[in-house]
Structures are given as structure tokens and as C-alpha cells.
4 protein chains.
Amino acid sequence: MENTYDKLITAAIELMNIEGYPGASIGMLASKVGISKSTVIHYFKSKEGILLAILENFLPGYIDAFKPVLKDPDMDGVEKLHKFLHFHMKLVVERRDVLTINLRDTKYLTGKNKVIYQNQQRLYEEQVVKIIEQIQKEGHGLFRGLKPSITAKAILGMCNYATIWYKEDDRLSIEDLAEHFFAILTRGK
Amino acid sequence: MENTYDKLITAAIELMNIEGYPGASIGMLASKVGISKSTVIHYFKSKEGILLAILENFLPGYIDAFKPVLKDPDMDGVEKLHKFLHFHMKLVVERRDVLTINLRDTKYLTGKNKVIYQNQQRLYEEQVVKIIEQIQKEGHGLFRGLKPSITAKAILGMCNYATIWYKEDDRLSIEDLAEHFFAILTRGK
Amino acid sequence: MENTYDKLITAAIELMNIEGYPGASIGMLASKVGISKSTVIHYFKSKEGILLAILENFLPGYIDAFKPVLKDPDMDGVEKLHKFLHFHMKLVVERRDVLTINLRDTKYLTGKNKVIYQNQQRLYEEQVVKIIEQIQKEGHGLFRGLKPSITAKAILGMCNYATIWYKEDDRLSIEDLAEHFFAILTRGK
Amino acid sequence: MENTYDKLITAAIELMNIEGYPGASIGMLASKVGISKSTVIHYFKSKEGILLAILENFLPGYIDAFKPVLKDPDMDGVEKLHKFLHFHMKLVVERRDVLTINLRDTKYLTGKNKVIYQNQQRLYEEQVVKIIEQIQKEGHGLFRGLKPSITAKAILGMCNYATIWYKEDDRLSIEDLAEHFFAILTRGK
DNA sequence: AATGAATGAGGCTTCATTCAT
DNA sequence: AATGAATGAAGCCTCATTCAT
């Protein structure tokens, strides 16, 4: 965290997470890092450039990271769901800041960037859809008759809401939370 | 929708829903209604006053509307959950605009208003907690061993995410969607 | 010159005449009049609005003012040319500021405004073309064989250049100058 | 046009011609040539340096080029005027870019540079004055009784305006245009 | 009930320039 | 010969708000 660029990225993530894209100003970022507004522009060209830099630094990694599990031919669907919940909730706790920005602020991008990054979200969601479909195919009754895309959205809604309310805490670890969600989804009455 | 105030409220809801609180400006609202900025201030005192007016007009009603069901001593918990999902999803489709504003923009309120309205959300959530607790007490196994407050948050996260993605559509009515959520929650493997 | 708007227009003409559109800034105008930058925007909406206001205030008048002479069926072409030169040079001395702005800065307008005002200039030029044509039709040899549109441009180039160099002066009144131009155009060797 | 400096000069002329001195920025020039802003400064020291370089590269040549004709003791004045018009209009078509910059942007120079280059223009004009005076001395009536300095300005105004409107075109070659101007000046009624 | 005048603060961006490398 | 880092000043504009009417 020595050079200016890294300091800027770190500060920008913190700032945008708290204030939201419209509420985060270049001036705030500059004074947070202790440099001038022009220097911020020097690094990112524009305000949108800051958001893009955050997303570029972060997204490629997190979309691909789960792929090995998804493609594993020897793992059953329920196990994949279990692993996904743990994977995703770990993300929520470790990178809640960028995740929040990604979910909440991508809509402020313009032109093709908007399309690209909103598509990334769709791809991530698609992974969950695939898991649901595998579970349905395996036929033990779970999610039977439900539309995979809607179920996937239900799961992500459930998980992502935690970015707002979850506080790391001895009484509720993120693993506990993932298990909770897994239980809600897999155990009926 | 004849008098200026009502036109203003209607336009303000539409505007804030689309632009978000920071992105919605008094000037935009004024020109949307075809009056001057000063007149907007004349009605609401301040920008925060606009947000407050929207919430005041809407929230009291929707918090109380479900109470009769909740208090019904003859209805079992699962039935209440079923009714809640339909009630809440109807809200999503009918008043998605105000619901979105309520969920996303209350944090921009200041002073005691912030506390009051964020508390309102807690009260609404509390209703779901009560339902979960009743279900657990009735002991058919659903939600057994789960923390009610987390389960309630999971349910609301699942439902509220629909404010973002759900589009009214012949192939997926809001009742279908509520049933989907009900099925996800109540049928395990 | 009591109200703010009139003070602004007067100051804006002076400023833009001297600095040119790109060189004249809203801040300079504001401090020239002793008000804040926001007040300038309050009156004109944008920088382009200032230029438009100047042109709107001035152009309609000066395009139409010569029409009666042009349409006079009893006046011969050479007399009309004589009158035009005096009319136009009076403009140069009386409203050199706005004329300069009109000739030099219309190109900075955008969208349809650019088209509208550049067309105005074409209309003004068209008047001179008409005069040349009448002279040619009357057939005393003046301008014989010359293209009217080019001759008109030659005349206007000759006259308008005076906006740059002419200084009111006892030794060369604007009427003298008009007569000079008339002589150059009408007396050959 | 291989080395960086020459590429810069060429690009600078094109840029300043189109945008004008205030509108042309070092950044635009840098990206036009595909180098960094710092490198542009490295070559020219400052923005004013760019304008100076353009003028220095061009002006000495074009002022001196006509001198031989002017000094020719065997050529009569009208012939010199004829030659000047062709010489000058050729300049208009061949180096309209630099001519435009020279006429329009020298006023942005500062200190002694401003004086030097505005004086250059006076020197060029002086050549026309000399031609008029010779014509008057030769006494065939052309320009009789007219002030040479004003007549010179009239001629240059007429010619230079073509930098704005003239487009190379099969129907009107620059030689035709020079002849037109010559005819306007020398044939009366 | 409604508005125009006026503003201060701030927001994003451009720009010419300096400095060290 | 060429550049990236960094900046201060300025530029245009938005915005919420106050005040008098």
C-alpha cells in the first residue's frame, strides 16, 4: 500500500462502499489520500474510471474462482450448493465493500461498460442456475417443479442482503450463516 | 391527482425511485411538474422533506395492514407465512417504487428521522420474526434449530431482491412468485 | 441599465468582443458586473445562452433594417449599393462589438442554434447578392461578367475587416470610409 | 515528416487552424501525435511556444517571397497588383491554415512577441500600400484620390475573408478568384 | 399559493506547467 | 528524447436554499 495508485484504490473502495457512487466525490477521495483532485483524475481519467478500476481489480477473480467446483463432475448438486453458499458468504464477509459496490453501483456506468459489468453479474448468477438444474436432474425432490432462474435469484437475494445487515460477530460466524441458509433451502417441513 | 401537492408527491416518488435520493434534484422535480424550484421548497421545506413526505404517506399503512393476519389466533404459522409472502410480494409489484425508496434511501435521512424510519423497517421485519417463532413453536420441523431473526432476514432478502429484477409478465405473475418463494422455504429434499 | 439582466448583457457584449467566446469566462463576466457566477447561470442557463442572448437581442433588428431600401422599386442598384455601404459601415462603427461577435463566434454555437445563426449571416449576405444582380441587370457595365455571390463576399470581406482596424477618428469618419469603399468598387481605371 | 518535431508542427498547425489558439490544448496535440503532454512541452517550452514555432516556420518566407516583384523597377503598378492578388490568393489556398492562425491568433501572444508578429502583418500590408501608391503615381486614374492605407486594408479584407468561405472547387479555381478580385478593383462603371 | 432573484458550496473536468527520471 | 507524477488554477455547471414579493 505504498504507491499512490494502490492507496487510491483502497480509499476509493472504502469511500464508495460507504457513500455510494453518486455520494462519493473526487474531492473526498483526494483529501482522504492526501493528494489533489487533479491527481485523482490523473490516475483514473474520470469519476467513472474510478468505479471501473475497482470492478476490474476485483471481478475477474471472483467470477472464475468458483468455476472448478461448478465443473467438478464427481460432486453432486446439493454439495455444490453447499460449497457455493460458503464461497459466496465468505465473499460477503471478506469483500463486502466491493460486492456492495458491484451490486449497487454498476448501474451508474455508461455505454458499453454498463453492459459489460451488468453481464458479469448475470454470469455469476448463471452459476447458481446451473447448480439448481443439476440438483433437479439428480431428482431427490429438492427444488422440484421450481424455475431455476427464479430460485437462483431467491438464493442470491437471501445471501446478498447480508451485505447490509451482517456484522462479524462471535455469536454468528459467516460459516454459521452459510449453514443457516443451506438449512433454509434444503430442509422443509 | 389534481392539486399541486399530490402531483408533486407522485412525481417525487417516480423520480426518487429511478434516480435515488442523491440523484434526484429539486430542479428535476420542479420541471417534471412544471412549477418552479421555489414552489417545491414551499411545499416541503427542504429536500429531506420530500423524502419524509413520501415515507409518511406510505409507511404507516403498509406496516399496519398485515397486523390483523399476524394477530389472528386461529391461523397457524405456516399459513401466516404463506399470507405474508403474498402480502409482501403484492407490495413489491404495486408499490415497488416506494418500497425501493424506503429500503435504499432512508439512510440519507438525518437526525431523529433516520432513527424513526430505520426503526420502522425493523418493526416490519419483526413481524416475520414472530411468524417464524410461531412456526417453530408449532413444531412440525420447519425452521427447527434456526435463529428466527436470521431466517426473517433471509426471507426478506429473497423477497426484496425482486424489486430489482421482477418485471410483471404473463409467464410469471406475482402470485406465482410468492408461491415459488413459499415452496423454496417450506419444501426440503 | 439598472437591472441585472441589462447590466449582464452590456458587460457580456464588451467581454466577448474583447476576449472572444472561448476566452470569455462566466467568472469574468460575473465579477465585471459584481455578482456571483451562479447568478449569471441563473439568467442565461449556460455559457452558450449568453452568446445566444447577445445575438437574439441584436440580430433580428439589423437584418430587417435594410430591407426597405432593398425592396424599393424606384431605386437603382448603384444607389442601393451606396446606401448599403453606408448602412453597413454605420453598423460597424455603432455595433462593432456585436458584429464582431456575430461574425467570429457564431461557430461556437451548437446544434440547431449554430445552423440558425449561421443562416442569418447567409441571409444578410444574400441582400448584397441581390444588389449586385440588380446592378448587372441594369447594364451600365459595373460588375459585368462577375459572379454575384463572390462579389458580395468580396464586398463584405472588405467592409467587415474594418471591425478590426477602424478607429473612430476626426481624420476618417465612417461616412468617409463608406465613400472610399464605394469609390473602390465603382470607379475603375 | 518523420521526426517528432515535424510531426508536432504539422499537427499543431492543423489543430490550431481548426480550434483556434484558446481552443487548442497541449493534451489534444499530444494525443494527435501519439506522445505525452510532457514531450510536447519538452519541444516547445510552453503553449505560446507552439504558436511561435508555427509563425517562425512560416512567416519569414511568405513576407519575403513577394519582395522581388515589388522591387521590380520595370513593372507597372497595376501589373504588380495583379501579381500580388495571384500571389496572395495562392497563399490563401495553399497555406490557409497558417494564414488563418496568423491573422486570428497573433493577438494571444504576449510581451514582445505580440509586438513583433503584429508588426509583421503591418509589413505585409505595407507592400500593398506601396503598390497602390505606385498606381496612383502612374496616374491612369485608378484609385485616384483614395487613401493608400485604407485601400490596402480594403483589398486585404476582401482577400482574407476567402480563408473562411473559399472551398477548392472545379467551378472556381483560386486563379479565377484572383481575377475576380482584380476585376472588381480595376474595372469601374 | 407561487415565484424570481440571488447565492455559496461543491462537483467533475481541463489545462498548462513543473519536476524528477 | 521522452515521460509519468503531481498540481493549482480555472472553467462550466448543479444544487439546495434563502429572501422578498
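Quick note: numbers below take in every heavy atom, side chains included, and nothing from hydrogens, waters or symmetry partners. Here the structure is a predicted model, which is why all the values come from computation and not from measurement. So you know, we letter chains A, B, ... as the sequences are listed, proteins then strands, and number each from 1.
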Output the single nucleotide from [options] whose closest atom is nearest the side chain of [X].
X	options	value
B:Ser46	E:dT14, F:dT17, E:dG11	F:dT17
D:Ile41	E:dT18, E:dC12, E:dG4	E:dT18
D:Ser36	F:dT3, E:dA5, E:dT13	F:dT3
D:Ser38	E:dT18, E:dT3, F:dA2	E:dT18
C:Ser25	F:dG11, F:dT7, E:dA6	F:dG11
B:Ile26	F:dA16, F:dA5, F:dA2	F:dA16
C:Lys47	E:dA6, F:dT3, F:dC13	F:dC13
A:Lys37	F:dT7, F:dA2, F:dA10	F:dA10
A:Thr39	F:dT7, F:dT3, E:dA16	F:dT7

**Message:** Taking any heavy-atom pair under 4.0 Å as a contact, classify D:Ala30: base, sugar-phosphate, or nothing.
**Reply:** nothing
**Message:** Parallel, tilted or perpendicular, judged at 30° and 60°: which one describes the rings of B:Tyr108 and B:Tyr21?
**Reply:** parallel
**Message:** For DNA chain F, please output the secondary structure as dot-bracket, reading 5' to 3'. Pairs are Watson-Crick or G-U wobble, both atom distances under 3.5 Å; mark crossing pairs with [ ], other-strand partners with |, unpaired with a dot.
**Reply:** .||||||||||||||||||||
**Asked** Taking OP1 and OP2 of F:dA5, is either one under 4.0 Å from a side-chain nitrogen or oxygen of A:His42?
**Response** yes
**Item:** Under-4.0 Å side-chain N/O to phosphate OP1/OP2 contact, B:Thr4 with E:dA2
**Value:** yes
**Asked** Do D:Asn102 and D:Tyr62 have side-chain N/O donor and acceptor atoms under 3.5 Å apart?
**Response** yes
**Fill in**
Sorted by position of nearest nucleotide on DNA chain E, 5' first, the leading residue of B:Gly34 and A:Tyr21 is B:Gly34
**Message:** For D:Pro22 and C:Tyr43, find the nucleotide of DNA chain E closest to each by heavy atoms; which residue's nucleotide sits nearer the 5' end?
**Reply:** C:Tyr43
**Prompt:** To the nearest Å, how far apart are A:Glu19 CD and E:dG10 P?
**Reply:** 14 Å
**Complete:** To the nearest angstrom, the CE-P distance between D:Met16 and E:dC15 comes to 13 Å
**Prompt:** Should we say atom NZ of C:Lys45 is surrounded by more than 12 heavy atoms from elsewhere, each under 6.0 Å from it?
**Reply:** no
**Item:** NZ (D:Lys114) with more than 12 external heavy atoms under 6.0 Å
**Value:** yes
**Asked** Which atom pair, heavy atoms only, marks the closest approach of C:Thr106 to C:Leu55?
**Response** CG2-CD1, 4.3 Å
**Message:** Which residues pass the salt bridge (charged side-chain N to carboxylate O under 4.0 Å, His left out) test with B:Asp97, not counting sequence neighbours?
**Reply:** B:Arg95
